[in-house]
Amino acid sequence: MIVTRGLSRSFGRVEAVRGLDVEIGAGEIVGFLGPNGAGKTTTLRMLATLLRPTDGTATVAGHDLLADPRGVRRAIGYVRQGGSADPTRPVREELELQASLYGLRPPREHVARVCEAFGLTGLADRPPAALSGGQRRRLDLALGLIHRPRVLFLDEPTTGLDPRTRAALWDHVRRLREEGTTVLVSTHYLEEAEALYDRVLIIDGGAIVADGPPSALKSRAGGTLGDAYLALTADA
Ligand SMILES: Nc1ncnc2c1ncn2[C@@H]1O[C@H](COP(=O)(O)OP(=O)(O)OP(=O)(O)O)[C@@H](O)[C@H]1O
């Protein structure tokens, strides 16, 4: 579902992502871990066609990033770190607009269900500017999921969420797995990676330093996933 070959991106002299070769199958839920500045966001932005690779290539849901970026965009949802909601448009309208951008005319009930799943029902008439940080994050997630993408990229989705909303997001990701959605999630929460992800990719200095199920990384390190992470990544 996601295949990268030598995918690379430099910013001037900074090699943010260096020759990524990764294959992620349909329905896999993959955690993307790594220190600050390791290259996670840069990778996700390239896969979402928001940033052009300086070298290498990738396909997402069978569409080539460079040859068919529109095909990629139609197949994916992308929830970026800062969120992308229009601060002035009320939540319900924003969700309906997002769905229509993907050619969907969802019945009101679908939008209502998504609002319910992310605790937005009572907030649907408010603009994002009038939401708390965590409520806005929930809207970002709802916007990324409303059109039921086959591939979902989540950039630190649970940062700033309260424990209940975080648990609700986890439930949602488990449901997506049952529906066969492929999800690549960057996170700094190791307990989340252990509880939720089939597989973990650890990136450091722009290169993948580990790739496998959390249990395999733990047994290789002879300790916790935290021990494995610390052994595999360099001090900043
Ligand atoms: N627009 C840019 N111009 C110059 N350098 C950039 C740019 N965007 C990212 N970088 C650099 O590329 C490297 C990778 O950054 P990236 O945002 O991908 O890291 P990350 O793993 O997502 O980090 P974090 O966990 O802090 O979100 C860093 O050294 C960063 O400073």
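Computed over heavy atoms, backbone and side chain alike; hydrogens, waters and symmetry mates excluded. If you read the sequence from its start, that first residue is 1, and numbering goes on from there. Atoms within a ligand are numbered from 1 in the order they appear, just like the ligands themselves.
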Do Leu217 and Leu201 land in one hydrophobic cluster if side-chain heavy atoms of ILVMFWY residues count as linked below 4.5 Å? no
What I want to find out is whether Arg5 reaches Glu23 closely enough, with some N-O distance under 4.0 Å, to be called a salt bridge.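 Looking at Glu23 together with Arg5, the answer is yes, because their closest N to O distance falls below 4.0 Å.
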Can you list every pair that meets salt bridge (Lys or Arg N to Asp or Glu O under 4.0 Å) and has a residue in residues 209-224, with sequence neighbours left out?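 Applying salt bridge (Lys or Arg N to Asp or Glu O under 4.0 Å) to every pair that reaches into residues 209-224, excluding sequence neighbours, yields Glu194-Lys218, Arg199-Asp211.
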Can you work out which protein residues put a heavy atom within less than 4.0 Å of ligand 1? Phe11, Val14, Ala16, Pro35, Asn36, Gly37, Ala38, Gly39, Lys40, Thr41, Thr42, Gln81, Glu156, His188
Examine the side chains of Asp64 and Thr57 and answer whether a donor and an acceptor come within less than 3.5 Å of each other.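 Present: a donor and an acceptor within the cut-off.
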Set of side chain to side chain contact (heavy atoms under 4.5 Å, CB included) partners for Arg138, sequence neighbours left out: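 So Arg138 forms a side chain to side chain contact (heavy atoms under 4.5 Å, CB included) with Phe118, Leu120, Leu123, Gln135, Leu161, Asp162, Thr165.
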Please list, one pair per line, the donor and acceptor atoms closer than 3.5 Å that link side chains of residues 69-77 to other protein atoms, with sequence neighbours excluded.
residue	atom	partner	partner atom	Å
Arg73	NE	Thr49	OG1	2.7

